[in-house]
Amino acid sequence: MRIAFLGTPEFALPSLDMLRESGHTLAVFTQPDRPVGRHATLTPPPTKAYALEHGIPVYQFEKIRLPEGVEALKAFVPELMVTAAFGQLLSAENLAIPKYGCINVHGSLLPKYRGAAPIQWAIIDGETETGITTMMTSIGMDTGDILLVDKLAIDPDETAGELFERMALLGAETLKKTIAALETRTLVRIPQDETQATKCPMLKKEHGKLDLTQTVAAVHNRVRGTNPWPGAFALLDGEPLKIHKTRKTEQPTGDEPFGILKGNARHGLFVRCADGWLEILELQAIGGRKLGAKDYLAGKTLEGKVLI
RNA sequence: CGCGGGGUAGAGCAGUUGGUAGCUCGUCGGGCUCAUAACCCGGAGGUCGUUGGUUCAAGUCCAUCCCCCGCAA
């Protein structure tokens with residue numbers, strides 16, 4: 001089949017790889033190269049790098065809805081379009097181009113967690129289950145008819161980065177089954193239950209700000225849901241302290257103020273939350289590299305200081 | 001040349017106006033103890049990121065290069 005693949009980050013790679021392995025005729029449409037890193041090096045999106053490596057034609061548009069993008073899509077004459085974390089909204093004109101329409105690979109159990117960062121928000125909210133939903137792309141934000149769903153259990157200590165990898169692989173599988181069903185004309189379209197719909201926003205830096213007046217579980221979920229990006233942090237002496245990894249503990253509590261730290265290089269570092277102590281396993285001070293809490297404490301003490 | 005922090009024992013840090021390199025953890029040995037991740041005593045382990053310069057003397061001052069990191073994007 002001739003498939004126009006619209007995707008951008010790592011999440012889209014397994015799906016793209018699956019399509020290529022399956023022998024489809026592909027063209028990749030993705031975002032323009034972006035400045036990345038400390039020196040703002042112009043970097044191609046992962047899907048572009050993959051496409052170049054495998055001799056797949058690549059097209060990059062700031063907005064594929066504009067005439068230029070529409071023309072490029074039409075010129076490829078796709079029978080099907082597939083989107084996976086593309087990062088741009090499509091127009092009705094875009095969607096009308098392929099005869100089989102457009103299938104989207106989404107990282108949540110729709111209609112829950114529509115939007116840009118469903119995997120992270122599922123963890124932040126403490127969900128124990130998520131999954132991949134393939135759907136017919138429509139004009140709204142992840143509102144199209146559901147095609148297939150594969151569920152996935154979230155490990156209690158899993159980080160967003162770890163879950164991302166598993167979800168990306170599962171996405172490729174679910175997409176493969178979806179296309180197989182399309183080819184045998186056995187796809188069933190199930191409209192979403194709008195009353196159950198929830199939306200999640202794109203993650204920003206400030207979503208990593210910890211609130212130590214929340215429960216141990218809530219803080220822990222925030223830490224792992226924002227790892228590796230944007231990363232959780234709290235303020236120590238007015239400076240941000242990144243918290244990369246934490247672990248829930250059963251330590252007894254007294255009347256300590258929320259956010260106060262205790263611990264040493266031998267036992268580890270603990271912070272008081274609303275209902276107990278959360279162990280901080282990995283952290284990073286402002287000019288420093290990422291360190292285990294015990295290594296960090298070998299050089300200085302945080303005993304009695306308070307995270308805000 | 002966007003702003004800034006940093007490279008000193010295995011790890012994390014300190015090192016004042018240049019004058020024999022310290023601390024915590026780990027490690028090794030010994031002791032105490034019913035026992036211990038606790039405590040006490042002792043030991044090993046560093047050409048102080050590179051190269052060059054100033055000086056009687058450089059971890060410390062100057063220059064250069066390499067590497068790591070935070071912010072911003």
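Every chain is numbered from 1, with letters handed out A, B, ... down the list of sequences. None of these values were measured; they are calculated from a predicted model.
A distance of about 11 Å separates the C1' atoms of B:G7 and B:U50, rounded to the whole Å. With P as the reference atom, B:G70 and B:U64 are 25 Å apart, rounded to whole Å. To the nearest whole angstrom, the two C1' atoms, one in B:G42 and one in B:G52, are 43 Å apart. Nucleotides B:A72 and B:C67 are separated by 24 Å at their P atoms, to the nearest Å. Separation of the C1' atoms belonging to B:U27 and B:G10 is 8 Å when rounded to the nearest angstrom. Remark: the separation of the C1' atoms in B:C32 and B:A38 is 11 Å, to the nearest Å. With P as the reference atom, B:U55 and B:G46 are 32 Å apart, rounded to whole Å. Taking the P atom of each, B:U60 and B:A73 are spaced 37 Å apart, rounded to whole Å.
Looking at which nucleotide of RNA chain B each of A:K242 and A:R289 is closest to, the 5′-most match is held by A:R289. Ranked by how close their nearest RNA chain B nucleotide is to the 5' end, A:A265 and A:Q284 are led by A:A265.
Partner assigned to B:A37 is none, using Watson-Crick or G-U wobble distances below 3.5 angstrom. Nucleotide B:C23 has B:G12 as its partner under the Watson-Crick or G-U criteria, with both atom distances under 3.5 Å. Base-pair partner of B:G2: B:C71 (Watson-Crick or G-U wobble, both distances under 3.5 Å).
Chain A approaches RNA chain B over the interval B:G2 to B:A73, counting the first and last nucleotide 5' to 3' with an atom under 4.0 Å from its heavy atoms.
Considering only residues two or more places apart in sequence or on other chains, A:T133 meets the side chain to side chain donor-acceptor pair (under 3.5 Å) condition with none of them. Residues that satisfy the side chain to side chain contact (heavy atoms under 4.5 Å, CB included) test with A:L66, not counting sequence neighbours, are A:K63.
Using a 4.0 Å cut-off between a side-chain N of Lys or Arg and a carboxylate O of Asp or Glu, A:D157 and A:R247 do not qualify as a salt bridge.
Applying the salt bridge (Lys or Arg N to Asp or Glu O under 4.0 Å) test to every pair with at least one member in residues 164-174 of chain A, sequence neighbours left out, gives these pairs: A:E158-A:R166. Pairs passing the salt bridge (Lys or Arg N to Asp or Glu O under 4.0 Å) check and including a residue from residues 201-230 of chain A, sequence neighbours excluded, do not occur.
Heavy-atom minimum distance, A:F76 versus A:A4: CE2-N, 3.8 Å.
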Between side-chain atoms of residues 49-56 of chain A and protein atoms elsewhere (two or more places apart, or another chain), which donor-acceptor pairs fall under 3.5 Å?
residue, atom, partner, partner atom, Å
A:Y50, OH, A:D17, OD1, 2.5
A:Y50, OH, A:R20, NE, 2.7
A:H54, ND1, A:Y50, O, 3.0

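Across all strands shown, A:L291 has heavy atoms under 4.0 Å from sugar-phosphate atoms exclusively, and none from any base.
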